[in-house]
There are 2 protein chains.
Amino acid sequence: MNEPSPPSESAGRRKAPDMYDVARLAGVSQKTVSRVVNNERYVSDASREKVMRAARELGFRPNTAARALTTGRFHRIGVVSLSTAGWGPASLLVALERGVREAGFSFSVAHTTEGRPQSMQEGIDRLLEQGVDGIILSEPIDEPQGRRFEADVPIVSLGYTDGLPPKSVVPTDAHVVADGREATDHLLDLGHAKVWHIAGPQNWWAARERLEGWRQAHLDRGIEPPPHIEGDWSPASGYEIGKQLAADPEVTAVFCTNDDTATGLILALTEAGLRVPEDVSVVGFDDIPAAAYLRPPLTTVRQTFEADANQAIAALLSRIAGAPDFDLEGSDGDGSDRPLIIRASTAPPWRHRGAPLPERRGAPIERTDS
Amino acid sequence: MNEPSPPSESAGRRKAPDMYDVARLAGVSQKTVSRVVNNERYVSDASREKVMRAARELGFRPNTAARALTTGRFHRIGVVSLSTAGWGPASLLVALERGVREAGFSFSVAHTTEGRPQSMQEGIDRLLEQGVDGIILSEPIDEPQGRRFEADVPIVSLGYTDGLPPKSVVPTDAHVVADGREATDHLLDLGHAKVWHIAGPQNWWAARERLEGWRQAHLDRGIEPPPHIEGDWSPASGYEIGKQLAADPEVTAVFCTNDDTATGLILALTEAGLRVPEDVSVVGFDDIPAAAYLRPPLTTVRQTFEADANQAIAALLSRIAGAPDFDLEGSDGDGSDRPLIIRASTAPPWRHRGAPLPERRGAPIERTDS
DNA sequence: GTTGAACCTGACTGCGCAGTCAGAAATTCG
DNA sequence: CGAATTTCTGACTGCGCAGTCAGGTTCAAC
């Protein structure tokens, strides 16, 4: 009601109210205001009520800088991410922000500079300069020369990275390899003799793991995998590599390191007169929203961004809280959620062109809905 | 060399060095250290050198909280974004981070909570609580009841939003309408009588503008536009709406509010036995990386994320610096960069099914490379 | 040599908050 | 009823830094 009109009403922007202002209005001490704001014990209901009313009336907002200064905690998590808008990295970022927010922390991002070595360390440095309690490395890529990351706060990496300080490292290790293996197994189970692989840049951890899963799937059956071909995640690279693969009659099945690459590949195959899946089966990775609506709808591996993000955050928070080495085992899923989404881009090998199309065309096709 | 071993070497984590530590080692006062760190004038080369050496030796990092406390500036820009990994929002976020970083500011993100009204204001509140010097609203959507956004720092919106404080508002207004118009004009110029429109959710500013451009393109020619259909940006909604459109023989051209929707649409048309572009032409929006590799390669409108982001940042920084109403006119491009990328999904109307395919199939097709 | 200006430096202070502690008031217990 | 305990409160302090100011030094100009 009676607005305590600020002393200098004439000035442009009046000073933000601090705890002393609230205390004065409420008739208590600054320390009591602090207690109320931080929900501490030992404040009478009467005082609490008065303070809250005064704070609301003044529009009081605690000053984070001052709080951080006295507590030494910033209440902020930093994330180093790649400067790409690709589905994978972007989804991870969204999941991380959500998890961090729900944990009550602020969220800072430092993107790496594209094509710049050591840019992960630079990202870490920028985060440290602005003040964070912990750092998450999303989509880690290798630093040159196996350099060690340096930081005086806990670091957690979503996926393995060499050179991490002792704290660190994360969950997802095992299952990404498993995912790559499952995709490959699916194709081998269909009867394909070998599965070709369009890999991602091998300085990315995720790309390496998928390749490793693909390799293992072959070796487990005593098959020598064909040489893999390295792309750059883009549809363009999938298209270019696809033109090569289309020329090789031995190629009947391809596992792509992501859905974008698969999109380019399919176009190249089609332009070469090959049919998917009748002549060549294709598996992607990511399950981007459009995957179910490509022609043909793409068999792919659905990523578990939410779960990965939450594991990373849990690990980081426990380290921030002081646990020297939080044990994460057991939380690693056993794969019961079946990340492989089988759609119409995979089928048994055909290998005789011109054969009549199978009836799949009008068959019901699973579309993702999550 | 002679490492000044910290007093309590036994303790786990030793206290981070402050300016007094550096000053002691360098043989100067704390204030001089402050001067060197902030690159102020009036420091002798000798002092500067000593301080820098000492700072490096101790691994000194200025404490942002203390600095923010004394200066009242956080050196941080906050962005409120949608919690989606879609190409558009994610690209904007990447561009914004880059621009903010280059301006020497830190970058905080607050995502909105999906499906929650008032979540933009909540995002703003979260940013204000953690301390930012200014806020950018990326991909603004309407708040319920035309509520005014409240903040005691400058806000800039990437696209118009009702209820913004006087400071605010941005650049892109004009050209997004123009983009929608250009896409539609392209189809009308090809000879289509009308262009159907799969719109985005109309509480999104971007979706409204594109629809408006589509509408204007019709009205300018004295054509009554057909009713638009509202999707939700997803391929799924494009597919569902596509099934309706496929049943209407009048439909020969569709402008989709984004490339994902177009992807779903094309599948629905294809499944209905229609050919793109022979029976129906399709234009998308965004120019996602896969757009050039769909079948057919998609005619679409390329977004100008970098430019938009930079304009928003420039506007925000100038307001932070004190300019009450920075005038942005003139910076609005005149369209000389031709955002419409014409590929193979658009052609003149055919309208007699079963006609021989035109020769486009093998024709060279532009692929984006930027 | 004197005057002034530019240059350089450090003591002191306050930013807004939470930690510490001493003490008052209310409650429980023997 | 007094003693021990719990609850409540505020004075005081320091976190690490940059702003202010006073003083000292150097240099050029008169």
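A, B, ... follow the sequence lines: proteins, then strands. Residue 1 opens every chain. Source: prediction; values computed, not measured.
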Exercise for the section: Kindly calculate the angle separating the two end axes of the helix from C:dG1-D:dC30 to C:dG30-D:dC1, each obtained from five base pairs, and round it to 10 degrees. Expected result: 30°
Fill in the blank from the handout: B:R61 CZ to D:dC17 P, in whole Å, measures 13 Å
Practice task
For A:E139 and A:L82, indicate whether the former's side chain and the latter's backbone hold a donor-acceptor pair under 3.5 Å.
Solution key: no
Problem - Shortest non-hydrogen separation from B:R35 to B:R41 and the atoms involved - result: CD-O, 4.3 Å
Exercise for the section: Look at the side chain of B:R61 and the backbone N and O of A:G131, then say whether any donor-acceptor pair between them is shorter than 3.5 Å. Expected result: no
Practice task
Could you check which residues of residues 64-73 of chain A get a heavy atom under 4.0 Å from DNA chain C? Sort them by number, please.
Solution key: A:A66, A:R67, A:L69, A:T70, A:T71
Problem - Residues from residues 42-56 of chain B lying under 4.0 Å of DNA chain C - heavy atoms - result: B:Y42, B:V43, B:S44, B:S47
Practice task
Please determine which of A:M19, A:K50, A:R48, A:E49 meets the side-chain contact (heavy atoms from CB on, under 4.5 Å) test together with A:V36.
Solution key: A:R48
Completion exercise
Rounded to whole Å, the CD-P distance (B:Q30 to C:dT13) equals 14 Å
Completion exercise
Closest to the 5' end of DNA chain C, once A:Y20 and A:R35 are matched to their nearest nucleotides, is A:Y20
Practice task
Using a 4.0 Å heavy-atom cut-off across all strands, classify A:V28 as base, sugar-phosphate, or nothing.
Solution key: sugar-phosphate
Fill in the blank from the handout: Whole-Å distance, A:H75 NE2 to C:dC17 P, equals 16 Å
